[in-house]
Amino acid sequence: MSIFQLLDIEKYYVVGRTPAGEEKRLKALDGVRLEINEGDTVALVGESGSGKSTLVRLMLGLEQPSNGRLFFRQTELRQLDRQARQAFSREVSFIYQNARGSMNPRMRVGDILGEPMLLHRLCNESEVRQRVSALLEKVGLSASMLDRFPSELSGGQVRRVAVARALASEPRVIIADECVAGLDVSVQAQLLNLLRTLCTEMGLTLVFITHDLGVASYLCQRTSVMYLGCIVEQGPTVELLTKPLHPYTRALTDSFPSFDRPLNAALKGEIPSPIHLPQGCRFSTRCPDVQEACRHKDPPLTLHPGENRAVACLFPLRVEVGVT
Ligand SMILES: Nc1ncnc2c1ncn2[C@@H]1O[C@H](COP(=O)(O)OP(=O)(O)OP(=O)(O)O)[C@@H](O)[C@H]1O
Ligand SMILES: [Mg+2]
């Protein structure tokens with residue numbers, strides 16, 4: 001059953017005016033189509049500025065799309081009534097990219113974690129401390145953290161509290177924005193294992209934003225690759241990473257460190273400004289395989305014949321049989 005359905009979602013921000021007085025628009029999302037079903041584990045990958053965080057802010061209803069429609073369980077998100085919105089906030093949890101900034105600095109860890117439990121009536125006051133301690137243990141923190149303020153925690157500890165808070169309401173869907181990046185590898189492994197167990201054993205739906213393709217393939221069965229506000233390729237993670245169809249996906253996999261080959265600086269230059277999108281294909285200015293037609297046509301995301309994959313490229317890479 002579909003949990004989220006995004007139909008041609010656009011989001012632009014007005015970032016100034018031209019000398020002629022016209023609005024200068026930055027297109028953070030430029031026609032995203034995405035369906036997420038119950039139990040799906042989906043990675044969103046793509047360079048900084050490709051629109052990943054904007055997409056999840058819309059999915060959480062924190063901002064409204066400029067165009068397009070966004071459904072949560074067949075109802076348009078903006079039309080959820082009060083009761084449905086409350087159910088949504090219990091069912092869908094979010095782990096912010098900026099964990100410390102997402103916490104009230106005046107609340108102690110015990111209250112930060114206990115609040116969703118009481119709000120959603122998962123237990124009564126007398127049980128909260130014990131439940132919170134158990135939750136802290138799950139994310140590798142001791143109960144001695146209960147009385148601390150966020151400012152008294154290290155960066156890694158705050159990130160783990162953020163994961164614990166997302167789990168506190170016993171959600172069915174977790175949306176996580178770079179929640180393990182920069183953590184010690186042992187802590188990262190612990191949190192990834194925890195999330196993976198929750199997905200496999202409890203059928204949790206996961207939308208996981210990451211720059212780390214290894215993390216994407218460990219946690220998520222499907223991956224959507226974003227570039228300049230669009231999904232340019234999507235499909236099963238392992239196939240997509242081992243046999244990319246879009247030159248941008250190949251560039252991402254080539255620039256991912258691996259023990260057995262030298263590292264390629266696969267992509268030249270920076271992602272162009274979303275205020276001035278390139279003519280034609282949005283990747284044409286950096287694509288190593290660019291052809292004349294690419295400078296004139298922006299290819300839509302299309303199902304690739306014979307593959308369980310969709311790609312937005314006029315000249316998708318050939319999938320060579322036997323090559324992994
Ligand atoms: N409130 C805003 N006002 C103006 N521009 C914005 C706003 N929020 C995001 N943007 C712009 O939209 C584009 C997409 O931003 P977004 O934060 O979604 O990228 P991202 O893929 O999450 O990047 P990162 O990997 O660095 O977190 C960027 O060019 C960003 O500067
Ligand atoms: Mg982001």
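Order of appearance sets the numbers: ligands from 1, and atoms from 1 within every ligand. The analysis underlying the following values was restricted to heavy atoms, covering all of them including side chains, and did not include hydrogens, waters or symmetry mates. Fair warning: this is a prediction, and the values are worked out from it, not measured in the lab.
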Q: Any chance you could lay out the salt bridge (charged side-chain N to carboxylate O under 4.0 Å, His left out) test for R131 and E170, step after step, and finish with the verdict?
A: CA-CA 12 Å; R131 276 181 83 117; E170 298 180 354; 2.7 Å; yes

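- Taking each of S53, S50, G49, A28 in turn, the one with a heavy atom nearest to atom 17 (O) of ligand 1 proves to be S53.
- In this structure, the side chain to side chain contact (heavy atoms under 4.5 Å, CB included) partners of N104, at least two apart in sequence or on a different chain, are R106, M107.
- The proximity of L26 to ligand 1, defined as any non-hydrogen pair under 4.0 Å, is limited to the side chain.
- Electrostatic pairing of R25 and E10 does not count as a salt bridge here, judged by no charged N lying under 4.0 Å from a carboxylate O.
- The 12-atom threshold is exceeded at CE of M1, counting heavy atoms of other residues, nucleotides or ligands nearer than 6.0 Å.
- Of the listed residues (S48, G51, G46), the one carrying the non-hydrogen atom nearest atom 26 (O) of ligand 1 is S48.
- With respect to atom 8 (N) of ligand 1, the closest heavy atom belonging to the protein is R57 NH2, 3.4 Å.
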Q: Show your working on ring pair (Phe, Tyr, Trp, His ring centres under 6.0 Å) between F72 and F4 and close with a plain yes or no.
A: CA-CA 5 Å; F72 174 71; F4 281 104; 5.4 Å; yes

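- Using a 4.0 Å cut-off between charged side-chain N and carboxylate O, R17 and E22 make no salt bridge.
- Judged by distance alone, the side chains of T249 and E233 do bring a donor and an acceptor atom under 3.5 Å apart.
- For the Mg ion (ligand 2), the set of protein N/O/S atoms nearer than 2.8 Å consists of S53 OG, Q97 OE1, ordered by chain and number.
- Defined by atom type and a distance below 3.5 Å, a donor-acceptor pair is missing between the side-chain atoms of Y218 and D212.
- Contacts of M226 with ligand 1, taken as heavy-atom pairs under 4.0 Å, are absent altogether.
- Side-chain atoms of T223 and Q234 include no donor-acceptor pair closer than 3.5 Å.
- Only the side chain of P274 comes within 4.0 Å of ligand 1, counting heavy atoms alone; its backbone N, CA, C and O stay farther away.
- When K11, K52, H211, Q97 are checked for heavy-atom proximity to atom 27 (O) of ligand 1, Q97 turns out nearest.
- Ranking protein heavy atoms by distance to atom 15 (O) of ligand 1, first place goes to T54 OG1, 3.7 Å.
- Of the protein's non-hydrogen atoms, the one nearest atom 1 (N) of ligand 1 is Y13 CE2, 3.6 Å.
- Under the 4.0 angstrom criterion, atom 30 (C) of ligand 1 counts as lacking any protein heavy-atom contact.
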Q: Begin from the C-alpha positions of E91 and R172 and carry the test salt bridge (charged side-chain N to carboxylate O under 4.0 Å, His left out) through to its verdict.
A: CA-CA 5 Å; E91 209 179 338; R172 298 295 308 149; 5.9 Å; no

Q: Verify side chain to side chain contact (heavy atoms under 4.5 Å, CB included) between I271 and Y227, making sure each step is shown before the conclusion.
A: CA-CA 8 Å; I271 192 165; Y227 186 77; 4.0 Å; yes

